[in-house]
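Every heavy atom of this structure was used, including side-chain atoms; hydrogens, water molecules and symmetry mates were not. Labels below follow one simple rule: chain letters A, B, ... track the order of the sequence lines, proteins then strands, and each chain is numbered from 1.
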Amino acid sequence: MKEATESLNFIEHIVEEDLTAGFPKEKLCFRFPPEPNGYLHIGHAASICLNFGLGEKYGAPVNLRFDDTNPAKEEQEYVDAIKRDIAWLGFKWANECYSSDYFQQLHDWAVQLIHQGKAYVDQQSSEQIAEQKGTPTSPGTNSPYRDRPVAENLDLFERMKKGEFAPGTYLLRAKIDMASPNMHMRDPILYRIIHAHHHRTGDSWCIYPMYDWAHGESDYLEQVSHSFCTLEFKAHRELYDWYLDQIIDPKKLRPKQREFARRNLSFTVMSKRKLLELVQKNVVSGWDDPRMPTISGLRRRGYTPTSIRKFSDVAGISKRDNVTDVSLLEFCLREDLNQSATRVMAVLNPIKVVLQNYPEGQTEILHLENNPEKADTGTHEVPFSRELYIEREDFKEEADSNFFRLTIGQEVRLKSAYIIKAESVIKDAAGNLLEIHCSYDPNSRSGSGTDASQRKVKSTIHWVSVAHAISAEVREYDRLFLDESPDTHESKSYMDFINPNSLKVIKTAFLEPHLGQANPNESYQFQRLGYFTLDPDSKAGQLVFNKTVGLKDNWAKQNAAPTNKQASPAKPVAPAPQEVKSALNEIQYIGKKLTNLSGDKLEDALNDIRKQAEGVSYEELEPLFATASKKVGTRIAVLVALSALLAKGTPKTQAASEFIASCKSDESNTLREEAVKIA
RNA sequence: UGACUGAUGGUGUAACUGGCAACACGUCUGAUUUUGGUUCAGAAGAGUCUAGGUUCGAGCCCUAGUCGGUCAACCA
């Protein structure tokens with residue numbers, strides 16, 4: 001039974017309001033409008049999931065529109081990458097559009113503006129224009145060319161278009177208001193001259209529309225109903241609307257721009273410009289470096305589309321500045337991977353174990369569960385022999401009782417194999433550990449069903465057989481920046497916070513042989529270590545694995561941080577004198593949680609309410625009859641309490657009767673049932 | 001000294017036209033576990049930026065503040 005009262009985000013509220021105000025549902029249309037000047041990142045994913053999510057929710061088309069109005073920055077490579085990323089996330093766009101498809105229409109409308117005296121050709125330098133623009137606190141001044149005659153504007157604009165002028169010499173500007181408190185309204189630029197090859201229109205244009213002129217009109221041409229963008233465009237809305245006013249046909253749909261806050265992630269930066277700098281300065285290996293917050297980086301790292309979509313869903317959408325903790329993203333990732341990743345064994349930091357009582361030269365084939373979360377995924381074979389590698393961290397010669405792993409004299413189980421006990425160690429002259437000599441219990445093989453195999457030991461550790469292991473490179477990643485919000489410091493640049501140790505390469509890790517056939521698109525759980533996936537750098541016989549994310553590790557946590565036990569002394573622990581709740585409050589409190597209960601628990605809660613009702617008077621209860629119908633729990637609680645009062649002989653007032661009647665026709669089954677019981 | 005915008009536990013979001021702060025992550029217990037994983041049960045943690053006001057009742061309304069963000073590219 002799914003609750004119908006799923007809460008909406010503010011964007012969905014906007015759409016819902018429009019719908020209730022009479023906007024036809026079949027005219028809903030959304031769009032995702034990236035500029036093809038870089039790669040998409042996790043912040044874009046929020047916008048993608050928002051727009052395409054809306055499309056799925058309302059069965060409305062969502063266009064993918066490339067905002068390609070500046071050929072100096074844009075490339076086909078980015079167009080391709082963006083399409084790949086969106087498709088990888090699992091979304092389908094209704095139409096693939098380009099702002100450049102509308103260049104002719106945009107031009108014609110601009111000519112129309114000139115005719116109407118609403119646009120003029122300026123020929124000042126950018127410095128002069130900037131100076132005349134004023135500041136946010138002081139008005140601007142008019143350009144000397146502002147009142148150029150229409151015919152002259154027409155001629156000049158035509159010659160701009162024909163390529164008669166050099167870049168920077170002429171501009172087309174809208175004639176609005178140089179004194180507007182909104183800087184964007186101070187005669188914004190419509191067209192500038194750029195002599196550059198456009199990735200789609202080639203050299204057929206040398207004048208290009210500015211963002212504001214192109215964006216709203218493109219929305220209009222595509223009949224996009226809701227144009228959602230990030231908050232920094234809020235101030236552009238007035239201009240967006242002004243431009244629309246100039247050209248709109250009232251019989252057609254008028255797009256509506258609304259803004260939401262961009263999503264920030266802790267310990268990274270989220271702007272194409274800054275990410276580009278990391279690439280250009282070789283801080284990372286490229287846009288798809290697994291440490292990058294780009295979609296392509298996350299993909300290479302081993303993130304799944306499901307996890308990213310879940311994250312966008314869970315993180316939500318709002319209008320305030322935010323820094324979402326990466327731990328939320330990682331939670332979504334682990335949740336998905338735990339269900340899907342094949343379990344394997346790999347040793348990253350090996351120490352050799354020799355089983356003294358295991359026959360030399362013998363090999364056994366054991367079976368390892370592919371995924372304990374899914375019983376039907378079967379097992380795969382893993383060879384076992386006398387000499388094994390285990391993780392160095394899994395052995396200590398002696399340790400306190402908190403250490404569950406292998407120590408001299410202490411038994412552990414080798415995962416899916418035997419129980420072993422450490423007997424002695426071999427060291428070199430310098431005292432470095434070389435080998436651990438152990439004994440194994442031949443009767444303890446996993447799954448053999450013997451008493452010895454059922455024995456409980458303090459822990460189970462992973463291993464690989466020395467003779468059968470394959471070696472591979474493993475890359476482990478840490479956060480790219482040492483500061484939670486590296487680009488929010490006034491006196492420091494985000495480049496000052498780069499983590500010098502964000503990449504750790506393990507040249508030779510030992511993997512169980514099953515991984516020799518690892519699938520590049522699959523995630524593996526290296527048991528007890530984390531999730532890993534094959535990097536594209538892999539070659540036959542030279543595998544490279546990326547660590548996607550570690551497992552939650554309580555042992556490491558309690559090990560690492562005995563010092564910062566409780567970061568802040570916080571408040572005195574003395575429990576505030578708990579006020580005795582009134583019976584009425586108690587009923588309301590139980591009521592609020594009622595909708596989450598069922599079966600016996602629900603019955604118990606209802607009985608609680610009946611008991612509490614003894615301490616409540618009818619007069620206290622009556623005002624609650626007006627409880628909002630959405631608060632079903634409270635209404636049930638009130639009804640049950642009322643029923644208890646009536647049973648006790650309280651006279652039934654008209655208000656009570658009306659309340660009971662309204663409950664009988666409520667959507668909630670429980671509420672209806674209780675109401676019927678009274679009558 | 002401007003305009004616009006925002007403020008809810010450590011974090012991210014909820015709370016329909018005012019009805020007595022919810023969900024998730026994170027943290028901490030305990031149980032289960034052949035992964036110190038998973039799962040399960042539970043706990044702690046905000047009284048909603050401040051100060052007034054309206055109201056039986058305010059996170060939602062009003063007034064005045066405080067703090068944060070955005071806006072002056074021939075970028076988007």
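- In the displayed structure, A/Asn402 atom CG is contacted under 6.0 Å by more than 12 heavy atoms of other residues, nucleotides or ligands.
- Remark: A/Asp321, A/Asn322, A/Val323, A/Thr324, A/Asp325, A/Ser327, A/Leu328 in residues 321-329 of chain A come within less than 4.0 Å of RNA chain B through at least one heavy atom.
- Ring-to-base geometry places A/Phe404 in a stacked arrangement with B/G36 (centre distance under 5.5 Å, plane angle under 30°).
- A ring-centre distance under 6.0 Å is not found for A/Phe532 and A/Tyr524.
- Taking the six-membered ring wherever Trp is involved, the centroid distance between the rings of A/Tyr208 and A/Phe103 falls below 6.0 Å.
- One finds a side-chain N or O of A/Lys552 lying less than 4.0 angstrom from the OP1 or OP2 phosphate oxygen of B/U38.
- Side-chain contact between A/Trp205 and A/Lys161 is present, with heavy atoms from C-beta onward closer than 4.5 Å.
- Residues meeting the ring pair (Phe, Tyr, Trp, His ring centres under 6.0 Å) test with A/Phe228, sequence neighbours left out: A/His226.
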> Using Watson-Crick and G-U wobble pairs with both distances under 3.5 Å, what is the 5'-to-3' dot-bracket string of RNA chain B, with [ ] for crossing pairs and | for pairs outside the strand?
Replying inline: .((((((..((((.....[..)))).(((((.......))))).....(((((..]....))))))))))).....
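- Partners of A/Asp336 under the side-chain hydrogen bond (donor to acceptor under 3.5 Å, both in side chains) rule, at least two apart in sequence or in another chain, are A/Thr304.
- Rounded to a whole angstrom, the distance from the C1' atom of B/G30 to that of B/A14 is 30 Å.
- Taking only distance into account, the side chain of A/Arg320 meets the base of B/U8 through a donor-acceptor pair shorter than 3.5 Å.
- Residue contacts shown for A/Pro372 include a base, since a base heavy atom lies under 4.0 Å away.
- Among B/A76, B/A15, B/G26, the nucleotide with an atom closest to any side-chain atom of A/His13 is B/A15.
- Heavy atoms of A/Asp212 sit nowhere under 4.0 angstrom from any nucleic acid atom.
- Picking from B/U13, B/G36, B/U34 the nucleotide with the shortest atom distance to the side chain of A/Asp553 gives B/G36.
- Listed pair A/Lys319 / B/G6 meets the phosphate criterion, a side-chain N or O lying under 4.0 Å from OP1 or OP2.
- Residue-level contact check: A/Asn264 touches neither bases nor backbone, having no heavy atom under 4.0 Å from any strand.
- Backbone-only engagement by A/Ser318 is indicated by non-hydrogen atom pairs under 4.0 Å involving sugar-phosphate atoms exclusively.
- Comparing the C1' positions of B/C49 and B/U32 gives a spacing of 45 Å, expressed to the nearest Å.
- Across B/A46 and B/U13, the matching C1' atoms stand 14 Å from one another, rounded to whole Å.
- The base of B/G37 sits within donor-acceptor range of the side chain of A/Glu373, with an N or O pair under 3.5 Å.
- A donor-acceptor pair is defined here as one N or O able to donate and one able to accept, closer than 3.5 Å; no such pair exists between the side chain of A/Arg262 and the backbone of A/Glu232.
- Comparing B/G26 with B/A43, their C1' atoms are spaced 14 Å from each other, to the whole Å.
- Nucleotide B/G53 is shown with an anti base, its glycosidic torsion being more than 90° from 0.
- Nucleic acid contact for A/Arg186: none, since no nucleic acid atom lies under 4.0 Å from a heavy atom of the residue.
- Between A/His514 and A/His380, the two ring planes are parallel [angle under 30°; tilted spans 30° to 60°].
- Residue-level contact check: A/Lys415 touches the bases, meaning some heavy atom is under 4.0 Å from a base atom.
- Residue A/Lys456 is in sugar-phosphate contact alone, with no base atom involved, counting any heavy-atom pair closer than 4.0 Å across all strands shown.
- Using a 4.0 Å heavy-atom distance criterion, A/Gly140 is classed as making no nucleic acid contact.
- Looking at heavy-atom distances under 4.0 Å, A/Leu529 makes no contact with the nucleic acid at all.
- The aromatic ring centres of A/Tyr240 and A/Phe233 sit 6.0 Å or more apart.
- Taking a cutoff of 4.0 Å between a charged side-chain nitrogen and a carboxylate oxygen, A/Lys73 and A/Glu35 do not qualify as a salt bridge.
- Across all strands shown, A/Arg343 has heavy atoms under 4.0 Å from base atoms, whether or not it also approaches the sugar-phosphate.
- Nucleotides B/C61 and B/A73, compared at atom P, are 36 Å apart to the nearest Å.
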Atom pairs, protein N/O to nucleotides 70-75 of chain B N/O, distance under 3.5 Å:
| from | atom 1 | to | atom 2 | distance (Å) |
| --- | --- | --- | --- | --- |
| B/C74 | N4 | A/Gln124 | O | 3.3 |
| B/C74 | N4 | A/Gly168 | O | 2.6 |
| B/C75 | OP2 | A/Arg192 | NE | 3.2 |
| B/C75 | OP2 | A/Arg192 | NH2 | 2.8 |
| B/C75 | O3' | A/Arg192 | NH2 | 3.1 |
| B/C75 | O2' | A/Asn70 | ND2 | 3.3 |

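- Residues A/Arg263 and A/Thr324 have side chains that bring a donor and an acceptor to within less than 3.5 angstrom of each other.
- Legend: residues meeting ring pair (Phe, Tyr, Trp, His ring centres under 6.0 Å) with A/His367, ordered by chain and number and at least two apart, are absent.
- In this model, the phosphate group of B/G6 is not approached by any side-chain N or O of A/Lys234 to a distance below 4.0 Å at OP1 or OP2.
- Within the nucleic acid shown, A/Phe403 comes within 4.0 Å of at least one base atom, counting heavy atoms only.
- Under 3.5 Å, the side chain of A/Gln525 and the base of B/U35 form at least one donor-acceptor pair of N or O atoms.
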